[in-house]
Every structure is written in structure tokens, then in C-alpha cells.
Amino acid sequence: MKIQLKWMCAVLLLIAVVFSKCAGKPAKKTPEQPYAVGVLDSANYGATYLYLLDENLKKTDTLKCPYYGVGSFGSIPVQIQDGVLYEKWSGNTVKPSKCAVAAMDLQTGEWSEYSFEGGIIADFRVNEKGIFVLKNAAEPSVEYCAFAGEGDVSIKLQAAPGLCISVNGYDVYFIANEGAYREGDEASKEKCFLYRVNVKDRSQEKVLDVTEELGENRLEYTLWRAGKMYIPNDDKLCIYEPETNQVRQIALPGKEACKILADEEWLYIINGYANESETDIYRFNPQTEEIASSCHLKESTLQCYIREGIFYTLQQEPAAKICKYQFAEDGTCKKLGEAALDVENDDGHRISDMFVK
């Protein structure tokens with residue numbers, strides 16, 4: 001009896017060992033080495049991969065995110081607040097209508113979600129107060145998820161579906177293209193308006209007709225800084241000032257301005273859409289409202305980020321690649337390095353975003 005029992009235990013142990021080898025190692029979800037840059041490789045099904053790189057753009061690790069369809073594909077600036085990265089989560093083939101923001105703790109690699117039921121997230125911003133979401137659907141809305149003690153807010157909009165929000169305190173500004181109108185025998189045209197929604201008092205207003213300035217827009221994202229809203233739009237930079245309730249236009253050298261970033265001193269206007277082969281960056285002085293210097297990059301720019309004078313760019317096409325540049329005080333721009341990304345070859349996977357820790 002004892003011999004049989006020993007044999008049974010031995011057989012069970014062998015089965016357990018074989019099974020564990022067949023099952024393989026569990027997917028890593030936390031970084032094991034220090035890293036500086038992260039790149040998301042996402043799909044509408046299967047895992048979302050997270051590639052981690054060090055300061056020299058050398059790959060240190062690959063993690064798996066528990067969500068599918070994570071990342072903005074360059075349509076939303078990098079959102080980091082208090083050591084947490086926030087990403088658009090559009091769902092997958094199982095839950096195609098998922099409407100959420102996924103959040104990752106940059107130290108632990110742990111993910112969590114902020115869900116907004118129904119509709120599609122057109123744009124969102126994060127500040128110290130919470131998450132502000134512009135949601136497009138049959139009934140467009142602005143959603144607000146407070147980080148502490150205030151309660152969530154949902155405001156149905158008296159506007160057409162919008163795009164490109166900027167947030168100032170509790171005020172959410174966005175742009176909406178509205179239905180056609182007709183004047184005499186003229187062909188129908190679409191009008192464009194700037195809206196403001198306050199999530200604190202739940203007010204909303206159509207602030208300004210900006211058809212002339214932004215009616216034919218190819219906007220990707222905007223920036224609120226020092227009481228002004230900066231809107232790069234093809235060959236011009238539009239600046240909205242609430243005090244005067246006017247939009248001013250500043251001519252730009254190129255014709256494909258679509259993104260804008262800021263550090264403590266400068267604004268950086270990115271000229272070149274993600275499907276273009278090259279990019280120009282204009283370093284803009286918000287005090288003098290002049291371009292102080294420019295830099296020409298031989299890469300397309302899906303996403304970009306600036307930190308302490310170091311400019312990071314992510315290219316999706318023709319090949320996945322990340323680069324870093326340094327802007328010197330004299331206005332020159334020096335390339336510090338680049339790295340091709342060894343991405344997964346699963347069907348449907350695409351580079352969807354990047355961030356700098």
C-alpha cells in the first residue's frame with residue numbers, strides 16, 4: 001500500500017512538472033529593470049505589448065498589458081500625471097463598444113481602468129483634478145472622473161460631435177464642426193465653433209464661430225498654456241484668448257502643423273502628419289510669438305514627447321522606430337540616438353503610443 005502511494009505521488013509530481021513546462025512562464029506585467037521609455041504595440045484582439053527601453057534606447061523588457069486596443073495612435077498627447085500613464089482604451093472584437101481610459105503605474109507596471117459607458121472617446125485630458133473626456137456618440141457628452149472627493153459628472157452636449165479638447169481648471173474647451181447651412185444660392189457649407197463646458201457648475205456655451213480660422217481643419221491636438229489655447233492647423237497657429245474672446249492667427253513656414261507640446265519655456269509645433277516621411281519642429285516663443293528656431297527630422301512622427309530639452313519621437317511607418325534629439329540653447333538640434341523596434345508580428349498589431357518615464 002505504501003509503495004502504491006509513493007508511486008501515485010511520483011506520478012502526480014511528474015504530471016505537475018510536465019504541465020508547468022507546457023504551460024510556460026506567466027506573462028510579465030511588472031518591469032524587472034530600470035527603464036526610461038515605453039512603447040505600446042496594440043491590437044483589437046490578443047495582448048497589448050509594452051516595450052521598455054533605457055536612456056540609450058536599448059530594449060530592457062517586454063511586458064503584457066491586460067487590455068486590448070490600448071493607445072491613441074498619435075491623436076492624443078502623452079498623458080502622465082503623478083507617476084501614472086493614461087491611455088485611450090477603445091475595446092476589442094469581444095467588447096467593441098468599450099469606452100474607457102486605461103492607467104498604468106509607471107513604477108509597478110500595474111494597470112487599472114476608468115470606464116465611461118457608451119459612445120467613443122474622441123479626446124481626453126488629465127490634470128491634478130481628474131480625467132476629462134470628450135465622448136462622441138448619438139448624444140455627445142463631456143465626462144469628468146474626479147480623482148478625489150468630488151463625484152463623477154456627465155454632461156450631454158448641445159453640440160455636434162467634437163474634437164481636440166483643452167482643459168483649464170474645470171473648463172473644457174473643444175471644437176465642433178456643425179451641420180450645413182445655406183445662404184442664398186451658395187452651396188451648403190459646414191460651420192465650426194469653439195465650445196466651453198464647465199464640469200463644476202455643469203454650464204456650457206457656444207463660445208465663438210471659428211469657421212474662418214478652423215473651418216477646414218486637420219487638427220490632432222491642442223494645448224492650453226498660461227490662459228491661452230494654442231491650435232496648430234496646417235499653415236498657421238491659432239491662438240484663442242478668453243479675455244478678448246478672439247482667435248488670432250500666426251503664419252507658419254510649413255503646411256502640415258498638427259501637434260503642439262510645451263516645456264517650461266518653449267512651445268514646440270510639430271509639422272508633418274504620421275503618414276508623412278519627414279517632420280519639421282518649430283520652437284516657438286510664447287512671449288514674443290515668434291519662431292526662434294526649427295529642426296528638420298528625417299522620420300515621420302506618430303507620437304512625440306519633450307522632457308528636459310530632450311525630444312522623443314515615435315515612428316510607425318515605414319518601420320517602427322524611436323529617436324531622441326536634444327535642443328541646445330543656441331537653437332540647434334542634435335540627434336542623440338535611434339532604435340528600431342522589434343515588434344510582434346501578430347496580425348493586427350500596430351505601434352499605438354509611447355511615453356517617457
Side-chain angles (χ1 to χ4, degrees), residues 72-77 79 88-91 96-101 115-126 131-145 152-184 186-224 228-234 236-242 245-249 257-260 273:
S72 68
F73 298 96
S75 64
I76 297 171
Q79 300 286 298
K88 181 179 176 180
W89 178 22
S90 58
S97 61
K98 186 70 179 178
C99 181
V101 172
S115 185
F116 304 90
E117 295 303 321
I120 299 172
I121 293 178
D123 203 352
F124 79 94
R125 294 292 183 274
V126 178
I131 303 174
F132 301 79
V133 171
L134 177 63
K135 202 168 67 175
N136 285 342
E139 293 184 335
S141 64
V142 165
E143 311 282 330
Y144 169 60
C145 178
D152 297 344
V153 174
S154 177
I155 303 171
K156 291 184 179 180
L157 298 176
Q158 302 166 0
L163 70 161
C164 289
I165 68 173
S166 280
V167 176
N168 177 36
Y170 291 102
D171 282 329
V172 178
Y173 290 85
F174 67 93
I175 296 158
N177 294 317
E178 300 205 345
Y181 71 100
R182 186 177 294 276
E183 292 183 0
E186 288 187 4
S188 295
K189 298 178 182 179
E190 194 174 61
K191 299 203 75 174
C192 185
F193 292 94
L194 178 67
Y195 279 83
R196 182 198 63 84
V197 173
N198 185 285
V199 300
K200 194 74 171 177
D201 60 22
R202 297 175 181 256
S203 63
Q204 58 180 298
E205 64 174 328
K206 183 185 289 187
V207 175
L208 191 64
D209 184 336
V210 290
T211 305
E212 182 179 345
E213 298 85 358
L214 298 168
E216 296 181 0
N217 55 60
R218 290 185 64 185
L219 309 179
E220 291 195 0
Y221 49 80
T222 63
L223 172 72
W224 191 277
K228 299 176 184 179
M229 183 178 180
Y230 293 88
I231 311 165
N233 186 25
D234 285 339
K236 57 186 176 292
L237 176 66
C238 296
I239 305 174
Y240 170 69
E241 297 178 274
N245 198 34
Q246 293 180 342
V247 172
R248 294 185 289 107
Q249 301 181 69
C258 56
K259 293 180 171 68
I260 185 166
Y273 297 100

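- Listed here is the closest heavy atom pair of Thr211 and Asp209: OG1-OD1, 2.6 Å.
- A distance of 12.5 Å separates CZ of Arg202 from NZ of Lys156, quoted to the nearest 0.5 Å.
- None of Ile165, Val153, Asp171, Val142 except one satisfies the side chain to side chain contact (heavy atoms under 4.5 Å, CB included) rule with Val197; the exception is Val142.
- Using modelled atom types, no side-chain atom of Ser141 and backbone atom of Leu157 make a donor-acceptor pair closer than 3.5 Å.
- Using modelled atom types, one side-chain atom of Gln204 and one backbone atom of Gln158 make a donor-acceptor pair closer than 3.5 Å.
- Ser75 and Ser72 get closest at one heavy-atom pair: OG-O, 2.9 Å.
- Within 6.0 Å of the CD atom in Glu241, the count of heavy atoms belonging to other residues, nucleotides or ligands exceeds 12.
- Smallest separation of non-hydrogen atoms from Gly162 and Ala122: O-CB, 3.7 Å.
- One N or O on the side chain of Gln79 and one on the backbone of Val126 form a donor-acceptor pair closer than 3.5 Å.
- Every ring-ring contact (aromatic ring centres under 6.0 Å, His included) that Tyr173 has, sequence neighbours left out, goes to Trp224, Tyr240.
- Exactly one of Tyr195, Phe193, Phe132 qualifies for a ring-ring contact (aromatic ring centres under 6.0 Å, His included) with Phe174. That residue is Tyr195.
- No donor-acceptor pair closer than 3.5 Å links the side chain of Asn233 to the backbone N or O of Leu219.
- Ile231 CD1 to Lys236 NZ: the interatomic distance, rounded to the nearest 0.5 Å, is 10.5 Å.
- Closest of all the heavy-atom pairs between Arg196 and Ser203 is NH2-OG, 3.4 Å.
- Heavy-atom neighbours of Glu212 CD from other residues, nucleotides or ligands within 6.0 Å: at or below the threshold of 12.
- Here the side chains of Glu213 and Gln246 are not in contact, with every heavy-atom distance at 4.5 Å or above.
- Distance CG/Asp123 to OH/Tyr221: 10.5 Å, rounded to 0.5 Å.
- Inter-residue side-chain proximity for Gln249 and Cys238 is flagged as met; some heavy-atom pair is nearer than 4.5 Å.
- Closest approach of Pro232 to Leu237, counting heavy atoms only: N-CD1, 3.8 Å.
- The CD1 atom of Ile155 lies 11.0 Å from the OH atom of Tyr144; values are rounded to the nearest 0.5 Å.
- Checking Ser166 against Thr222 by side-chain atom types alone, a donor-acceptor pair falls below 3.5 Å.
- The line from OG of Ser154 to CZ of Phe116 is 9.5 Å long, rounded to the nearest 0.5 Å.
- When all heavy atoms are compared, the tightest approach of Pro140 to Ala160 is CG-C, 4.1 Å.
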Step by step, work out the side-chain contact (heavy atoms from CB on, under 4.5 Å) result for Leu223 and Lys228. CA-CA 8 Å; Leu223 172 72; Lys228 299 176 184 179; over 6 Å; no
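- Panel note: side chain Lys88, backbone Ile121; a donor-acceptor pair is recorded below 3.5 Å.
- In this structure, CD1 on Ile260 lies 10.5 Å from CE on Met229, to the nearest 0.5 angstrom.
- Counting only heavy atoms from C-beta outward, the side chains of Glu220 and Tyr273 approach each other to under 4.5 Å.
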